[in-house]
Amino acid sequence: MRIAVQSEAFDMGAEANRFAAAVQGAGAIVTFTGIVRDSASGDLDVMEIEHYPGMTERALTTIATEAMARWSLADCLVIHRYGRLRATDPIMMVATASRHRAAAFAAAEFLMDYLKSRAPFWKKEITRQGADWVAARDEDEAALKRW
Amino acid sequence: MRIAVQSEAFDMGAEANRFAAAVQGAGAIVTFTGIVRDSASGDLDVMEIEHYPGMTERALTTIATEAMARWSLADCLVIHRYGRLRATDPIMMVATASRHRAAAFAAAEFLMDYLKSRAPFWKKEITRQGADWVAARDEDEAALKRW
Amino acid sequence: MIDVLYFAWVRERIGLPRERIETSAATVNDLIAELSAREERYALAFSDLSSLRVALDQELADFDAPLAGVREVAFFPPMTGG
Amino acid sequence: MIDVLYFAWVRERIGLPRERIETSAATVNDLIAELSAREERYALAFSDLSSLRVALDQELADFDAPLAGVREVAFFPPMTGG
C-alpha cells in the first residue's frame, strides 16, 4: 500500500507498471486516473489544487486501509497532486490489485468515492474570466451511500 | 476505439499512456489488466490461450461499440493476447475514458463481463501434472445479468 | 457444403480443428445428431450440450437455430478469456 | 489555546490560512459564534454552515462536537479532490 501526496507530475503508465511489477499473485489490476478537464468555456489557464497537509495523508491512509481489508486486496496505490496543474495533466490515480476482477473494480470505485468527498482537497479553476472554486457535486456525496 | 487481438506481449503502462494521450476532453480514465496467475499448486509452466480468429474481433468490436454508445465514452481500448503465456504476463487489458468517473468504471466492467463470457477465448493451464482447460465460472455468466 | 470448426477441448476430442461437410441438416441439433452417429469421438464431444456453445457465421446461436444459408458452424466450450 | 485553520474560499474570505486563538468555547458551534462576533469577514465566512465542513485534530467532525482536548480546528468547504 502506497499513498503519495505530491506537487510533482507523475507518469500514469510508469506508476501502473511499477505497481503491477510489485504485486504478488494478483490476476486483476484496475487503475483510475483523474485528468484536468478544460473549463466549460474552454479557456482554463490553471487548475489550482489546495490540500490540508497532515489530514490529507491520514484520510487517504484510512480509506486505503479499509479498501485493503474489505476486498482482501493484494495491493493498492493512491497518488494525488496539489498545486498548479493545466488541462490534460493527470491530477491523481488509484490502483488496486486482487485475485479476481470484481474486488479490484469495487475497491477502486470505493477509493475514488471516499477520496472525492472525504480527502481534504479543493480545486480552483483559473480562467481569463477569473478564479472559481469548483463546487462539490451532490452525486459525489450520494455515491458514498452504496458502500 | 481500438481492438487488438495479438500474440505479442504488450506494455500495459505504455498502452495506458498512449490511450490517455489520444483522448480529448476526458476527466476519467479506467484501465483493467488481466494477469496470468500461477496454478493452484504453484507450478504453472504455460498458459495457452486459443481463440477463434475472425469471430474474436467481431465479438470484441460489438461489445466495445455498445460500451461507447451506452456510456458516451470519449474512447475505449481492448487488447487481448493469445498463444503461450507465463505466470505474471499480462493477458489482456481494457481502457475507457469519459467525462466523469461513473461512466468509465461502468463501461470497463461491462467490457470485462462481456469479454469474459462472449468473446471466443479459451485458456489451458499446462503444469508438471499435465494440461487442463480452465473451466468457465458460473459467476462470470451471472455477471452479465446486471447490464 | 458447410465449414465446421472445433475449438479447445472439442477440437481435441474430435481430433481436428475444422472440416468441410456435405449435410442436409436443418438445424444445429440435426447436425450434431448426424455427426454423433458417425463416430464415437463425435458422440463423446457432443455428449453434454450444456457444456457446449455454438456459433453460426461467427455469431453465438442456439442449438435449435436453422442452418439455412449458414456457411460456418463452430462448436466450443464456454469462453474463458479475460 | 487552539490552532484554527482555514482552507479554500474560507481562507480567502477570512484572509488568513491559520491563527492561534485563546478561547473557552465548549463546542465548534460556540467557537463559530465567538469568531463571527469578532468581525464581519468571519460572520460572512460562517454565514451558511451547510456549505462548510469542520475537522478536529484532522478528523471530520460535527458542528456540535466538543472542543475539550482539541488542539487543531479546521474549517473548509466540501472537498472536491479526485
Side-chain angles (χ1 to χ4, degrees), chain B residues 3 5 32-37 47-63 78-83 85 90-94 108-125 130-144, chain C residues 1-21 23 27-28 31-32 35 40-82:
Chain B
I3 307 292
V5 181
F32 175 90
T33 308
I35 311 280
V36 179
R37 271 183 295 123
M47 164 80 81
E48 212 170 276
I49 301 179
E50 181 171 337
H51 81 120
Y52 180 174
M55 178 170 169
T56 307
E57 292 78 0
R58 282 170 73 120
L60 294 178
T61 301
T62 301
I63 296 164
V78 180
I79 303 173
H80 204 301
R81 293 183 65 190
Y82 59 87
L85 282 72
I91 303 172
M92 52 76 60
M93 78 179 278
V94 304
E109 291 201 67
F110 169 90
L111 283 171
M112 285 308 304
D113 285 353
Y114 271 84
L115 186 156
K116 275 264 172 193
S117 302
R118 294 291 179 267
F121 290 103
W122 301 275
K123 290 192 189 118
K124 190 184 203 174
E125 286 184 350
D132 266 313
W133 291 99
V134 171
R137 298 159 75 225
D138 289 342
E139 61 204 274
D140 283 332
E141 185 65 30
L144 296 187
Chain C
M1 293 296 281
I2 200 165
D3 284 313
V4 186
L5 282 66
Y6 309 109
F7 292 97
W9 58 254
V10 183
R11 171 178 55 70
E12 292 177 339
R13 280 194 203 167
I14 293 179
L16 76 178
R18 63 188 302 153
E19 56 187 321
R20 217 181 166 95
I21 289 178
T23 180
T27 68
V28 176
L31 177 62
I32 290 173
L35 290 166
E40 185 57 25
R41 58 195 168 108
Y42 288 96
L44 190 68
F46 291 117
S47 62
D48 176 16
L49 290 192
S50 75
S51 68
L52 278 189
R53 300 288 180 269
V54 63
L56 302 184
D57 289 332
Q58 306 189 351
E59 298 277 358
L60 283 171
D62 293 321
F63 289 108
D64 56 6
L67 289 181
V70 168
R71 286 166 306 167
E72 188 171 297
V73 179
F75 293 104
F76 42 77
M79 288 89 146
T80 55

Quiz item: Does the side chain of Leu35(C) reach to within under 4.5 Å of the side chain of Ile21(C), using non-hydrogen atoms?
Solution: yes

Quiz item: With a 4.5 Å limit on heavy-atom distance, are the side chains of Ile14(C) and Phe46(C) in contact?
Solution: yes

Quiz item: Can you list every ring-ring contact (aromatic ring centres under 6.0 Å, His included) pair that touches residues 53-74 of chain C, not counting sequence neighbours?
Solution: none

Practice problem: Heavy-atom distances under 4.5 Å only: say whether Met55(B) touches chain C with side chain, backbone, both or neither. | Solution: both

Quiz item: Any side-chain heavy atom of Ile63(B) within less than 4.5 Å of one from Phe110(B)?
Solution: yes

Practice problem: Against chain C, label Ala135(B) side chain, backbone, both or neither, depending on which of its atoms sit under 4.5 Å from a heavy atom there. | Solution: backbone

Exercise. Give the minimum heavy-atom separation between Leu56(C) and Pro66(C), together with the two atoms involved.
Key: CD1-O, 3.8 Å

Quiz item: Measuring heavy-atom distances to chain B, does Pro77(C) have an atom under 4.5 Å in its side chain, in its backbone, in both, or in neither?
Solution: both

Practice problem: Answer with side chain, backbone, both or neither: which region of Ile91(B) has an atom nearer than 4.5 Å to a non-hydrogen atom of chain C? | Solution: side chain

Between chain C and chain B, which N or O donor and acceptor atoms come closer than 3.5 Å?
| residue | atom | partner | partner atom | Å |
| --- | --- | --- | --- | --- |
| Ala8(C) | N | Glu50(B) | OE1 | 3.4 |
| Ala8(C) | N | Glu50(B) | OE2 | 2.9 |
| Arg11(C) | NE | Glu50(B) | OE1 | 3.4 |
| Arg11(C) | NE | Glu50(B) | OE2 | 3.0 |
| Arg11(C) | NH2 | Glu50(B) | OE1 | 2.4 |
| Glu12(C) | OE1 | Trp133(B) | NE1 | 2.7 |
| Glu12(C) | OE2 | Lys124(B) | NZ | 2.3 |
| Gln58(C) | OE1 | Met55(B) | N | 3.2 |
| Glu59(C) | OE2 | Arg58(B) | NH2 | 3.0 |
| Glu72(C) | OE2 | Tyr52(B) | OH | 2.5 |
| Pro77(C) | O | Trp122(B) | NE1 | 2.8 |
| Thr80(C) | N | Phe121(B) | O | 2.8 |
| Thr80(C) | O | Lys123(B) | NZ | 3.2 |
| Thr80(C) | OG1 | Lys123(B) | N | 2.9 |
| Gly81(C) | O | Lys116(B) | NZ | 3.4 |
| Gly82(C) | N | His80(B) | NE2 | 3.0 |
| Gly82(C) | O | Lys123(B) | NZ | 2.8 |

Quiz item: So how far is it from Leu31(C) CG to Leu67(C) CG, rounded to the nearest 0.5 Å?
Solution: 6.0 Å

Practice problem: Measure Ala55(C) against the heavy atoms of chain B and call it side chain, backbone, both or neither at under 4.5 Å. | Solution: side chain

Quiz item: What distance separates Leu60(C) CG from Met79(C) CE, expressed to the nearest 0.5 Å?
Solution: 4.5 Å

Self-check item: Exercise: identify the closest heavy-atom pair between Ala45(C) and Val10(C)
Solution: CB-CG1, 4.5 Å

